Amino acid sequence: MPPLPLILLVVFTTQVVDSYDVLCFIQFDEKTLQCEDFLGEGISQEDCCLNKKYGFRKDHDSPCQSCHSSHWSVWGSWSPCSVTCSEGVQDRRRTCIGHGFCPGKHLEVRSCSEHECCTVMGGWSSWTLWSTCSVTCGKGQRRRSRLCDNPTPSCGGSCIGESSQVDLCDTHQVCPTHGAWGHWGPWNPCSSHCRKEDGPGIVPVQSRLRECNNPKPSVFPPGNPCRGNAKEERACPDLPPCPVDGSWGSWKRDPGCTVTCGIGRIREERSCDSPAPQHGGKDCPGSPYQSAICNTKIPCPVDGQWTSWEEWSPCTRFQDNINCSRLVGIQSRRRQCLGTHDGGKWCEGNYRESRSCYNITRCKLNGTWSEWSPWGLCSSGCGTSNRTRSRECQPVYPDYPNMVQGATKMVEVVFTGTPLVTCDPINGQTQKVEETAACRNLPPCT
Ligand SMILES: *[C@@H]1O[C@H](CO)[C@@H](O)[C@H](O)[C@H]1NC(C)=O
Ligand SMILES: *[C@@H]1O[C@H](CO)[C@@H](O)[C@H](O)[C@H]1NC(C)=O
Ligand SMILES: CC(=O)N[C@H]1CO[C@H](CO)[C@@H](O)[C@@H]1O
Ligand SMILES: CC(=O)N[C@H]1CO[C@H](CO)[C@@H](O)[C@@H]1O
């Protein structure tokens with residue numbers, strides 16, 4: 001609303017000068033309309049008001065008047081607005097000062113507004129129906145709500161109270177108990193005490209178990225089983241390396257056979273390095289050495305061997321018949337060196353030897369009985385058995401020298417040949433007598 005039009009009144013008056021004594025003051029306060037700083041009394045008004053700033057009173061009970069001719073005071077401040085919301089009015093005032101008439105209005109009025117609108121509180125609609133229970137078993141909650149639209153609040157207004165309500169509800173159904181895992185059990189021992197250095201799938205593992213018993217799922221109504229695994233595995237930490245037993249490498253031959261011909265031995269050696277024992281593993285079993293057969297394919301030399309001596313040749317002297325004579329003859333015998341092969345040595349010694357001899361073949365010589373010979377062997381090993389001993393007729397050799405001068409030295413002379421010998425007969429025997437005796441205490445023959 002536009003401010004009200006001012007109604008201006010213009011009144012013309014004539015100044016009336018009537019002089020009378022007054023109480024005169026040096027200052028007139030236009031705001032309080034009071035006279036201040038009393039100057040004196042018994043002074044004519046005309047004189048007091050020679051200075052227009054002065055004021056006066058006609059007597060002690062009269063109001064203070066300004067020496068200035070009549071005029072409006074300054075406007076007062078605007079009054080508060082007639083309303084606190086929407087649009088209202090406010091005014092201000094002024095006062096006519098002086099002892100006359102002031103043209104114009106002492107009051108001004110204008111429209112005003114503190115806030116553009118007035119707050120309107122809202123009103124609730126009716127409640128919705130209760131929702132279904134939040135659970136299908138056991139006790140849960142149900143809910144209802146209402147809208148703040150009856151009426152809708154405006155200009156900062158609102159509805160008082162809750163927009164929703166919660167209520168307990170009971171389905172009267174037993175809830176299933178869903179399974180939950182219990183605590184993990186302790187870690188089981190590792191699948192191995194040690195860690196192999198290489199090879200497939202040999203990281204030792206350990207496992208632990210847990211049970212679906214915290215709580216167990218109910219049977220009726222059926223609860224959900226636990227999710228996830230009841231067993232957990234992990235690689236075992238910080239294991240020492242496994243002992244590695246040693247294993248032999250391949251055999252390696254020494255160079256060269258032990259023999260230079262035929263078949264010999266050769267030493268073979270192997271090392272415990274495939275692999276070598278590690279981390280306390282066992283040494284390789286057995287010997288690092290073995291002997292193998294090596295074949296030079298070269299025949300070995302064979303030394304010759306003497307055959308037995310052949311028979312002595314006839315004891316002769318220049319093809320003369322020297323038997324039964326004192327003449328020394330010569331006879332010789334031979335032997336052969338056989339079997340020398342492949343560079344083997346010839347036999348040591350002579351293949352022929354000779355000796356000096358007297359030929360006593362079929363010569364008639366005196367004989368003499370020998371002593372009894374030692375008893376012979378038993379004729380059998382059990383039952384009854386005999387043994388024998390004998391005396392023989394031995395020749396008495398002629399009294400020829402048994403050493404003669406040879407080519408370079410004295411040589412021995414032997415009698416050779418079978419003479420005709422006769423001894424004094426014993427029991428009619430002239431060549432040989434025998435005695436027989438039983439062997440005693442023989443075991444019986446089975
Ligand atoms: C042993 O000697 C006795 C007496 O000379 C003879 O009778 C007997 O047959 C002999 N026995 C054997 C087994 O020669
Ligand atoms: C003895 O001499 C004869 C004639 O020269 C001869 O036949 C015989 O074999 C000789 N006996 C021996 C044992 O040498
Ligand atoms: C084998 C041989 O010639 N024997 C003779 C040796 O001498 C005697 C006697 O001089 C002869 O009777 C043998 O015949
Ligand atoms: C050759 C030899 O010595 N003959 C003797 C054999 O014995 C008789 C008897 O004692 C002697 O008279 C032989 O001279």
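The structure displayed is predicted, hence computed values, not measured ones. Every number for a ligand or one of its atoms is a count from 1 in the order of the listing.
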request  = State, without any angle test, whether Gln165 and Arg143 hold a side-chain donor-acceptor pair at a distance under 3.5 Å.
outcome  =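 No, because no side-chain N or O of Gln165 sits under 3.5 Å from a partner of the opposite role on Arg143.
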Quick one: does [X] get an N or O within less than 3.5 Å of an N or O on ligand 2?
X	result
Thr361	yes
Ile322	no
Asn359	yes

request  = Check ligand 2 against Gly417 and write out every atom of the ligand that is under 4.0 Å from a heavy-atom position of the residue.
outcome  =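 Ligand 2 atoms under the 4.0 Å threshold to Gly417: 13 (C).
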request  = Could you tell me which atoms of ligand 2, counted from 1 in the order shown, lie closer than 4.0 angstrom to a heavy atom of Pro314?
outcome  =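 Ligand 2 atoms under the 4.0 Å threshold to Pro314: 9 (O), 14 (O).
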message = Using a strict threshold of under 4.0 Å (side-chain N to carboxylate O), is an ion pair present between Glu269 and Lys252?
response =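 No, Lys252 and Glu269 are not salt-bridged.
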query = Between Glu310 and Arg333, is there a side-chain N and carboxylate O pair less than 4.0 Å apart?
reply =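 Judged by the 4.0 Å cut-off on N to carboxylate O distance, Glu310 and Arg333 do not form a salt bridge.
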query = Given side chains that start at C-beta, do those of Leu33 and Phe28 come closer than 4.5 Å, heavy atoms only?
reply =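 In contact.
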inquiry  = Pair Cys155, Cys85 - check disulfide bond (SG atoms under 2.5 Å apart), show working.
reply    = CA-CA 10 Å; Cys155 196; Cys85 64; over 6 Å; no
